[in-house]
Protein chains: 2
Amino acid sequence: MTAAANHHGRRTTTRTRRLERAGIRDVAAAAGVSITTVSDALNGKGRLPDETRTKVREVAERLGYRPSAAARTLRTGRSGLIGLTVTTYGQEPFTFTEFAYFAEMARAATSAALNRGYALVVLPASSRHDVWSNVALDGTVVIDPSDHDPMVADLYRQGLPVVSDGKPGNCPVTAWVDNDHHAAVLGILDHLAQAGARRIGLLTGTSTDTYTRLSTEAYLGWCRSVGQEPLYEAYPAHDPCAGAVAADRLLARPDRPDAVYGLFDPNGTDLLAAARRYHLRVPDDLLLVCCSESAVYAATEPPITTLSLKPRRIGTTVVNLLIDAIEGQSSSDRPSVGQASIGPGSEDESSDDPSATDRADGGPNVSGQLMPTELIVRRSSQRRSPRTTVSAPRPPGET
Amino acid sequence: MTAAANHHGRRTTTRTRRLERAGIRDVAAAAGVSITTVSDALNGKGRLPDETRTKVREVAERLGYRPSAAARTLRTGRSGLIGLTVTTYGQEPFTFTEFAYFAEMARAATSAALNRGYALVVLPASSRHDVWSNVALDGTVVIDPSDHDPMVADLYRQGLPVVSDGKPGNCPVTAWVDNDHHAAVLGILDHLAQAGARRIGLLTGTSTDTYTRLSTEAYLGWCRSVGQEPLYEAYPAHDPCAGAVAADRLLARPDRPDAVYGLFDPNGTDLLAAARRYHLRVPDDLLLVCCSESAVYAATEPPITTLSLKPRRIGTTVVNLLIDAIEGQSSSDRPSVGQASIGPGSEDESSDDPSATDRADGGPNVSGQLMPTELIVRRSSQRRSPRTTVSAPRPPGET
DNA sequence: TGTTCATGGAGAAACGTATCTCCGTCATCC
DNA sequence: GGATGACGGAGATACGTTTCTCCATGAACA
């Protein structure tokens with residue numbers, strides 16, 4: 001008795017016991033061909049005449065055959081799954097909803113992954129290890145890794161490609177993508193100064209992630225360069241109430257700022273509410289800008305100028321870089337991130353700005369990529385012209 | 001030469017070629033025990049003295065051993081993955097961000113899944129089939145399935161547990177959870193009437209999902225019962241601009257309503273903007289309520305009364321029901337949804353309202369569950385008392 | 001008439017785990 | 001002093017694919 005016959009015998013008895021899904025063997029038997037032929041026919045490989053191919057496909061369809069993803073993954077070493085790691089604050093697992101940035105970014109990432117035949121698994125950065133090791137990942141996207149992130153290091157050591165959203169501090173990654181936060185903050189401060197601000201305040205966070213750090217540093221540097229005394233309040237960004245309190249504190253100071261930039265999404269409404277409490281008119285008494293992806297700031301009274309980090313473009317780029325690394329890895333041993341990472345996979349949102357493909361080195365050998373932000377100018381930051389033009393016409397000349 | 005030795009021989013030569021992850025065999029060899037012992041030691045099974053167990057664990061740790069999720073899945077038939085199907089509109093894959101409901105619900109679902117050791121895979125309902133069949137799922141959560149949803153039927157036919165958020169129309173599911181939309185709409189309309197509304201309008205959608213359908217029907221029924229002529233505008237809810245246009249149309253009608261309920265999240269700002277355009281004061285000239293999970297409506301001018309569907313509780317419940325079905329399935333053949341589905345897994349958000357565990361039958365044999373909504377009363381729907389108390393003190397009497 | 005190719009397809013070996021079965025070895029008990 | 005069981009652990013099989021290797025057949029060719 002051959003092994004195949006033995007197999008089949010066992011299967012038959014098993015099937016009488018429970019109604020099981022048809023396997024490739026069942027298809028082969030029903031079609032009167034070998035397992036190899038079925039596999040080749042369904043996967044478009046091998047050299048088979050079209051008649052055989054279509055016949056096998058018909059039989060498979062008739063039997064309701066679905067290939068076992070687990071077996072395929074085991075055999076090929078590819079699961080078609082990529083992880084999306086989100087930062088977790090305390091017990092609450094996600095900032096997903098708190099900041100529209102994450103939601104948008106995750107959406108774009110999911111979409112980009114699906115476009116290339118991958119699915120996204122959402123995993124918290126500090127999850128118990130068992131969940132992580134229970135899912136077969138081809139690679140991981142990490143949002144804002146902390147310095148020396150042990151999870152990232154572990155993944156990388158396992159040989160998994162890791163691409164981070166946010167320039168990594170000290171952990172090894174395959175590639176990274178980030179906004180040019182320094183330039184963005186400088187642009188905003190210049191914009192506010194140009195609108196007449198003399199004392200620009202900052203609402204910032206206490207956490208040590210790259211975004212907060214770079215933005216705050218840029219603010220402090222700008223203050224130094226123009227000779228303004230820094231005016232800022234820092235609060236734990238994950239606390240929904242702390243933002244409102246910090247905004248209030250900032251406007252309650254004796255040296256009250258006449259313009260404020262808020263680093264986090266809810267800061268716009270926080271600041272608007274605080275301004276109302278102190279009877280400050282926006283933009284007459286107080287200029288306002290905040291970093292947000294939320295569309296509600298177009299409809300507030302007054303509409304608030306926002307800095308968009310273009311999370312969709314970032315999410316798309318990150319995923320495409322990751323998949324490039326995953327798929328490039330097999331052909332050559334060293335991960336060579338493809339040169340056309342933006343082009344093919346992002347029909348949806350990469351409509352503008354080809355300069356986004358510029359490269360900047362950020363580590364020993366990893367390819368980093370800085371992406372531009374977009375300042376959406378609305379009434380809250382304009383004293384004179386109420387028109388909502390986007391471009392700031394001033395030539396660079398004051399830092 | 002035994003098969004094991006053969007294995008190991010091959011492995012050794014392979015390892016010289018490429019640096020591979022250590023397998024269970026390597027651990028067994030390094031620890032001087034058998035594969036069985038390693039497996040048992042790491043999984044806490046079998047009868048082993050603690051010394052062996054700890055020794056094996058040490059060796060595994062030293063070798064950086066990570067069990068292959070694919071192999072485990074293949075062997076056990078469990079992947080620890082559950083799918084989250086999100087409705088897709090046209091080409092754009094997700095409504096994720098558009099409606100805070102989805103973001104919140106997905107977040108809670110992810111969290112609940114992780115609490116029980118599962119990970120969530122986000123998949124679009126109408127994805128190409130290959131992505132679906134490429135991932136090994138233990139079960140699926142479906143958000144708002146359409147009638148006769150082929151995808152759901154297919155999953156169900158495969159024997160996968162399917163739990164839907166939103167009472168399913170005509171597709172078979174293991175269980176479902178939904179809000180009591182009928183009661184919610186009636187409550188809102190009564191609330192508005194009680195605040196003095198004579199002609200209540202509705203901003204609704206053109207799609208045929210359960211939420212839109214039930215809500216609209218409830219509105220129409222209420223209109224019939226109180227003898228009011230229906231005043232509504234329907235628009236494609238997935239179009240971000242169409243809502244603003246529909247809101248404008250509704251307020252531009254000659255028979256302008258003096259109160260409006262908007263079924264979708266952005267309707268609040270849409271209606272507020274439209275009211276401003278027509279110089280209608282809220283709440284004096286126009287009472288406003290919309291269904292939203294967004295916190296921004298607490299900070300608008302005026303703050304807008306919202307109906308919360310409590311998406312986090314729904315997401316948590318749905319996932320727990322699904323996992324109950326998955327894990328119950330193995331012990332008995334018929335999926336018996338556990339009786340304590342809310343209790344254990346939802347430490348975070350099931351703080352209130354134990355009545356949520358009530359059951360309602362909605363299909364032949366599936367267990368459905370109706371969950372309450374919450375009306376957050378703010379200034380936009382109150383004419384007299386500007387205090388933001390939740391209870392409306394006025395006695396009913398002027399319908 | 002042999003040799004060479006191309007064609008169509010079968011066999012069997014992995015992939016790495018979980019688990020079922022079974023086998024020694026002692027100590028214990030009647 | 002032989003049966004009994006607990007203890008500790010090894011062997012082998014199966015999970016369902018993919019894919020490498022190889023074999024038959026017939027046609028083309030020298």
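Naming: A, B, ... by sequence-line order, numbering from 1 per chain. Keep in mind that this is a model prediction, so the values were computed, not measured.
At whole-Å resolution of the value, CZ in B:Arg75 and C1' in D:dT17 are 16 Å apart. Rounded to whole angstrom, the span from the CZ atom of B:Arg78 across to the P atom of C:dT19 amounts to 11 Å. What separates CG of B:Asp40 from P of D:dG8 is a distance of 12 Å, to the nearest Å. At whole-Å resolution of the value, CZ in A:Arg66 and P in D:dT17 are 12 Å apart. The separation between A:Tyr65 atom OH and D:dG16 atom P is 10 Å, rounded to whole Å. Rounded to whole Å, atom P of D:dG11 lies 9 Å from atom CD1 of B:Ile35. Between the P atom of D:dG8 and the CG atom of B:Leu48 lies a distance of 8 Å, rounded to the nearest Å. Taking atom CG of residue B:Asn43 and atom P of nucleotide C:dG16, one finds them 17 Å apart after rounding to whole Å.
Residue B:Thr52 is classed as a sugar-phosphate contact, given heavy-atom separations below 4.0 Å to backbone atoms only. Note on A:Ser39: a base of the nucleic acid sits closer than 4.0 angstrom, heavy atoms only.
Within the structure, every side-chain polar atom (N or O) of B:Thr36 is placed at least 4.0 Å from both OP1 and OP2 of D:dA10. Put simply, B:Thr37 has a side-chain N or O that comes within less than 4.0 Å of OP1 or OP2 on D:dA10. Look at A:Lys45 and you won't find any side-chain N or O under 4.0 angstrom from OP1 or OP2 of D:dT18. Put simply, B:Arg72 has a side-chain N or O that comes within less than 4.0 Å of OP1 or OP2 on C:dA18. Here B:Ser68 does not reach the OP1 or OP2 of C:dG16: none of its side-chain N or O atoms lies under 4.0 Å away.
With hydrogens and angles ignored, the 3.5 Å screen pairs a side-chain donor or acceptor of A:Trp132 with a backbone N or O of A:Pro124. In terms of modelled atom types and a separation under 3.5 Å, the side chain of A:Arg21 and the main chain of A:Arg66 share a donor-acceptor contact. Using modelled atom types, one side-chain atom of B:Arg53 and one backbone atom of B:Asp40 make a donor-acceptor pair closer than 3.5 Å. Side chain of B:Thr73 to backbone of B:Ala69: a donor-acceptor contact under 3.5 angstrom is found.
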Exercise for the section: Take B:Thr37 and B:Ser34, measure what side-chain hydrogen bond (donor to acceptor under 3.5 Å, both in side chains) needs, and give me the verdict at the end. Expected result: CA-CA 5 Å; B:Thr37 305; B:Ser34 75; 3.1 Å; yes
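Place B:Thr76 and B:Arg47 on DNA chain C by their nearest nucleotides, and B:Thr76 ends up nearer the 5' end.
Out of D:dG8, D:dT17, C:dT17, the shortest distance to the side chain of B:Pro49 is found at D:dG8.
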